[in-house]
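First the structure, in the form of structure tokens, and then the observations on it.
This is a predicted model, so every value here is computed, not measured. All heavy atoms count here, side chains included; hydrogens, waters and symmetry mates do not. One-based numbering along the sequence shown. Order of appearance sets the numbers: ligands from 1, and atoms from 1 within every ligand.
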Amino acid sequence: MDATGFRRLWDEITGIGLADTGGYLRFSWSAADLALRDWFDAQAAERGLLVETDRNGNRYAWWDLAPEAVVPPGAAPDRRAVLTGSHFDSVPHGGAYDGPLGIVSAFLAIDELRAAGAEPKRPIVIGAFTEEEGGRFGVPCLGTRLMTGVVDPDRARALTDPSGTTLADAMREAGADPDALGPDPERLANLSAFVELHVEQGRSLEAPVGVASAIWPHGRWRMTFTGAGDHAGTTRLPDRRDPMLTFAFAVLAARKEARLAGGLATVGRVEAVPNATNAIASQVTAWLDSRAPDEAVLSEILTGFESKVAERAKRDGTGFTIEPESETPIVEFDASLRDRLADLLGGVPVLPTGAGHDAGVLAAHVPTAMLFVRNPTGVSHALGEGASDEDCAAGVEALAAVLRDLAC
Ligand SMILES: [Zn+2]
């Protein structure tokens, strides 16, 4: 596999879902998603792989010596499949690589194995998971969370996109059956391993390819700051109870606590009431995202943050409450699989990530590993996300070596 070979296949999808901004709008069950699914089917057909869609809308292409044996309930351990792949969907105006790189690389890795005459002893399956980003319906890793029973199918069917369309309606419109949504334990039991190749989303990887150690624990909290709305011109400073001041302090405090503890904290979303230039706000709602290398550090950030903001609110005469919206524990990838991959690839770097992935969801059920491909800008979920064709080709080689080791 060389850089040109990678680019040739990659360019087949670079136009799909491309917006005027240069970013991608590839929301699940949208026209762009369906075009990507068609492309997936065509690639599978070209290679004689059997295409199948599970009850949750996740698509698979099977390289199986006996295609009729797709997901036989209770497959013998030596017939359990090796799953690879990633997701097609994007965040609004996201980059090209987050997700699709893992799917394109999987097709190319199968080409590599075949060119080398490899003969798998167990099925190799390419998966394309649905709604990984939560970019349309708000729940990340929805396809794998449904599969593993973490998300209730009734709740999933009722999720709405920003225009008010439910997931159930979006699926029906796309020709899929929302009534089938739900846990798929037999499918999980028939997997021997899952390996997701993904573009690295920070600047930590200095080699072309690396192996993931863990996904940091993370959480999202909703903060409410209350005060007294009033006139910006007639209210004396000592008379004010301005929640915007407490909010401003909170943004800085989050950053400081994260820096001191060795984690991350971000306030990226805020709503003010009444949101007027000449009025003191009566209420400010904002969201805190925090992540850390382990759960002790994460709770240290939160504890420090809450007590400092509460103290500040007292001085400002304002109210402050904070409620968790989601809390995700640390995911440690299978240690023996991780070490096996790192050794196999000649001692490539092993690094954690602060980003969530389907691999993090499936890791609780199947021995799971991730391969990262270097991202020179470190930017992700935005324009500027990228990887060189040479590094992507190295990623394909690494994935092929891993699949050969695990399945052949
Ligand atoms: Zn991703």
Side-chain angles (χ1 to χ4, degrees), residues 10 13-14 16-18 23-30 32-33 36-37 40 56-60 83-107 126-148 150 194-205 209-216 218 220 289 291 326 328 331 333 351-363 368-387 391-392 395-396 398-399:
W10 184 245
I13 60 163
T14 47
I16 302 176
L18 183 60
Y24 285 89
L25 299 172
R26 289 169 166 169
F27 300 124
S28 50
W29 305 112
S30 68
D33 186 29
L36 288 161
R37 285 167 185 260
F40 182 91
N56 296 304
N58 306 306
R59 194 84 124 217
Y60 304 93
L83 176 65
T84 185
S86 192
H87 59 95
F88 277 130
D89 67 308
S90 72
V91 297
H93 301 283
Y97 290 81
D98 179 351
L101 182 64
I103 299 172
V104 170
S105 298
F107 282 114
I126 303 174
F129 301 109
T130 190
E131 187 76 358
E132 191 275 343
E133 299 288 6
R136 181 167 181 189
F137 295 101
V139 177
C141 301
L142 186 59
T144 47
R145 284 189 159 136
L146 279 161
M147 191 199 302
T148 52
V150 177
F194 173 47
V195 180
E196 180 170 5
L197 178 146
H198 204 280
V199 68
E200 160 54 8
Q201 293 175 286
R203 254 191 234 172
S204 311
L205 179 58
V209 175
V211 173
S213 55
I215 298 179
W216 283 15
H218 66 270
R220 297 175 184 187
D289 176 304
R291 311 172 190 226
S326 75
T328 310
V331 174
F333 289 115
L351 65 162
T353 178
H357 296 285
D358 288 313
V361 177
L362 294 182
T368 295
M370 290 191 78
L371 295 176
F372 289 131
V373 171
R374 173 166 56 188
N375 176 352
T377 62
V379 173
S380 190
H381 285 185
L383 299 182
E385 176 187 285
D391 286 355
C392 291
V396 170
L399 182 59

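For the pair Arg37 and Phe40, the cation-pi criterion (under 6.0 Å, within 45° of the ring axis) is not fulfilled.
Around the Zn ion (ligand 1), the protein N, O or S atoms found under 2.8 Å comprise His87 NE2, Asp98 OD1, His198 NE2.
With ring centers used as reference points, Phe88 lies 6.0 Å or more from Tyr24.
Without hydrogens or angle criteria, Asn375 side chain to Glu200 main chain gives a donor-acceptor distance under 3.5 Å.
A donor-acceptor pair shorter than 3.5 Å cannot be found between the side chains of His218 and Asp289.
One finds a salt bridge joining Asp391 and Arg374 here, because a Lys/Arg side-chain nitrogen approaches an Asp/Glu carboxylate oxygen to under 4.0 Å.
Taken from NE2 in His357 to NE2 in His87, the straight-line distance is 7.5 Å, to the nearest 0.5 Å.
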